[in-house]
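Let me begin by presenting the structure, written as structure tokens, before commenting on it.
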Number of protein chains: 2
Amino acid sequence: MSSIRELARRCGVSVATVSRVFNTPEVVSQLTRQHVLAMAAEIGYLPNESARTLATKKSNMVGLVWDTDHRRPGWRHPFLQDILVALKSALSAQGLHLLMLAPDQSAGLDSRQRFLRAVQRHSVDGVVIIDNGSRDPAVLALGDAAVPCVALDLRITGPTCTSITSDNVGGARLATQHLIERGHHRIATITGPARNWPAAERLAGFRSALDEAGIALDEADVVAGDFYLDSGFAAMNRLLARDPRPTAVFAAGDEMAIGALRALHAAGLRAPDDVALVGFDDIEIAALIPPGLTTITQDKTGIGTAAAEAIMSMLSGDAPTPGPTTLPTTLVVRGTT
Amino acid sequence: MSSIRELARRCGVSVATVSRVFNTPEVVSQLTRQHVLAMAAEIGYLPNESARTLATKKSNMVGLVWDTDHRRPGWRHPFLQDILVALKSALSAQGLHLLMLAPDQSAGLDSRQRFLRAVQRHSVDGVVIIDNGSRDPAVLALGDAAVPCVALDLRITGPTCTSITSDNVGGARLATQHLIERGHHRIATITGPARNWPAAERLAGFRSALDEAGIALDEADVVAGDFYLDSGFAAMNRLLARDPRPTAVFAAGDEMAIGALRALHAAGLRAPDDVALVGFDDIEIAALIPPGLTTITQDKTGIGTAAAEAIMSMLSGDAPTPGPTTLPTTLVVRGTT
DNA sequence: GCCCTTTATGTAACCGGTTTCAGCACGCTA
DNA sequence: TAGCGTGCTGAAACCGGTTACATAAAGGGC
């Protein structure tokens, strides 16, 4: 592996000059520059990033904190992949690498410290945190890292932190208003876990839309799920058991909505005739499952891109956006309403 | 940021001793060790990974080569997310980080060199390559990197390289045999891009199963798709236009199968009564779309895990598995057959 | 009491870059 | 001709670790 000194020796120049050829080419004479570049190509010299990072304290790496080590083996973020693709593309375009950090393995370590330590050891220039929906507070400690930090779907505080999320309140309002416009006035909801930020916001949006329309909400019509299909199935069964049963349901996630749809079918009922149904997320299946799930769509790619932009803006010295950045959500009307 | 020298000074020991406390604790006396650890905790010392990498030439990072910069904006690997989760989990468990590399930005660079250079600059301990289905040969150059290297769904050669893939031949045979057992003897196929390795293998498996059953294949019953939904739709229309039309179709990917299903419906036909249909991949939708797509399921998590294991085994000095490692595929019978 | 291990530690070179500072050569001005 | 800015380059310190080698003290066998 050829080093900068080796290259300098072969060119008969100092290492400083070689370094300048690659970092501030304009200060070195045309002649030497060409000579150095030619020789570099010949011997296959490439600067060593670890050494650069050590010297400059800039790594061109953005850390990704994303805890896959989860009790649910099949745990899936509904559209992590879209976010990741967008995030990586945007970062790559600026020459930034994305380092998916393994939590620090040291024994006897407070779990909330594991990621923080990994972040600090690697001199990453910034951090993106993707929430699991996990209640593990590990990631929250990252607000303490003195590094630009953007969290997705997770509220986080700290002087160098900001958050990005879809407009969950607005989306839930859209969904609820849509049901109201369809003439429903007995609307139930299946929620996500109470401690999950998007879940809480969606519930809030639901409530506010009902309020605004002067529709009273029976608290027994609010039933908790966990964003997974089975919980939607169970929740819908609970709702169907009520007498009279609600005529419309807002499920705070599409997977739960699909579970609810199944419960409906199992009970010999149909959407939208017997019960109208709106979901949230617009996962791929929503469009494909009959009769087509009416839902709220999020700008999946936009979230990843916004995360990259937030990081890069902080990298260039800007202060973090104080509040959470919210991306617009829109209603997609399909067959269930 | 506290350095090792700072910590050594405060403890009244040499930097070598501090280093040993963290790397070979057994050689340093109980007393000093505790003292150093206590002081480290007090001043928040964490070893700098760049410096370690520089000195040891081991980074504990595995590079991920995955080109998101694609002409198809909505390009999706059918189950990249599952692979990624499994891969990252397995690597994380061993304290290995996953570096998603940005291609080298240098101007005037041969595109196939961009990733190779990124790999080399970062002293990653190994590389995982995820194929895009892209025909861009950029990634193939990675066989040249003198680094353990495992490619997913991509044939790659080199002294430190190995590949992992599902048993595409076997899966295609299963699918085809299943159709034959159902009594079909006029079976068509919708293939993936010819230059795509899994696509080629699936076609080979299809042919071999027909051969074995003594069923002749009309080459006009082999129609090419590109793994995307629209191509499946178009291909099925072509097949339906034939007279007599085939009674069964093996689509080499589920998305194409779903496109084919749509074409059937559009023509007023139904699966399996008019045309039986088998897909490949078992993407999430396959189970949910009515009447349920019969398909070949891949061990998505297994692929990620196997990739991690292959890398780690090479890291511990083992030679790479010479041929591709194939993971078993199985038939899932649903409504379309 | 001497020699030989063993154990614990320190010294200093090294990994491969960047960057400050100084110096040289050149051309220009006064 | 002295003085000065400008363009280019080099020497050396520095970033924060690891590790080969040397050394000193303690323990054991004779």
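Naming: A, B, ... by sequence-line order, numbering from 1 per chain. Being a predicted model, the structure only gives us computed values, none of them experimental. The basis for the numbers below is simple: all heavy atoms, side chains too, and nothing from hydrogens, waters or symmetry mates.
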*If you measure only the distance, is there a donor-acceptor pair under 3.5 Å linking the side chains of Thr53(A) and Ser50(A)?*
no
Please confirm whether the shortest side-chain N or O distance from Thr32(A) to OP1 or OP2 of dT9(D) is below 4.0 Å. yes
*asked:* Please check this pair: side chain of Ser163(A) against backbone of Leu154(A), looking for a donor-acceptor N/O pair closer than 3.5 Å.
replied: yes
Any donor-acceptor pair under 3.5 Å linking the side chain of Arg114(A) with the backbone of Pro103(A)? no
Note to self: Can you tell me whether the side chain of Arg5(A) and the base of dG17(C) have a donor-acceptor pair closer than 3.5 Å?
What the structure shows: yes
Picking from dG16(D), dG10(C), dT19(C), the nucleotide nearest the side-chain atoms of Ala16(A) would be dT19(C)
Asn60(B) atom CG is separated from dT18(D) atom P, nearest whole Å, by 12 Å
Practice problem: With heavy atoms under 4.0 Å as the rule, sort Val13(A) into base, sugar-phosphate or nothing. | Solution: sugar-phosphate
Whole-Å distance, Lys57(B) NZ to dT19(D) P, equals 11 Å
Could you tell me if Ser92(A) and Ser89(A) have a donor-acceptor pair between their side chains, going purely by distance under 3.5 Å? no
Among dG16(C), dG17(D), dT9(C), the one nearest any side-chain atom of Thr17(B) is dT9(C)
Leu31(B) atom CG is separated from dT9(C) atom P, nearest whole Å, by 8 Å
message: Counting distance alone, no hydrogens or angles: does the base of dG10(D) have a donor or acceptor under 3.5 Å from a partner atom on the side chain of Arg20(A)?
response: yes
Q. What is the nucleic acid contact for Ser19(B), judged by heavy atoms within less than 4.0 Å: base, sugar-phosphate only, or nothing?
A. base
Q.
So, OP1 or OP2 of dT18(D): does either fall under 4.0 Å of a side-chain N or O from Lys58(B)?
A. no
Atom CD1 of Ile43(A) and atom C1' of dG16(C) are separated, to the nearest Å, by 13 Å
Separation of dA8(C) atom C1' from Gln30(B) atom CD, nearest Å, is 14 Å
Closest of dT18(D), dT18(C), dT11(C) to the Ala55(B) side chain is dT18(D)
Looking at Ile43(B), is its backbone amide N or carbonyl O close enough to the side chain of Arg10(B) to form a donor-acceptor pair, meaning the two atoms are under 3.5 Å apart?
no
Does a side-chain N or O from Asn48(A) land closer than 4.0 Å to OP1 or OP2 of dC15(C), or not? no
Between Ser29(B) and dT9(C), is there a side-chain N or O to OP1/OP2 distance below 4.0 Å?
-> yes
Whole-Å distance, Ile4(B) CD1 to dG10(C) C1', equals 13 Å
Contacts of Val27(A) and Val15(A) projected onto DNA chain D by closest heavy atom; the upstream (5') one is Val27(A)
side-chain contact (heavy atoms from CB on, under 4.5 Å) test vs Leu101(B) passes for just one of His97(A), Met61(A), Lys88(A), namely His97(A)
To the nearest angstrom, the CG-C1' distance between Leu54(A) and dT18(C) comes to 10 Å
- Task: Indicate, with a heavy-atom threshold strictly under 4.0 Å, whether Phe22(B) touches base, sugar-phosphate, or nothing.
- Result: nothing
In whole angstroms, the gap separating C1' of dG16(D) from CZ of Arg9(B) amounts to 16 Å
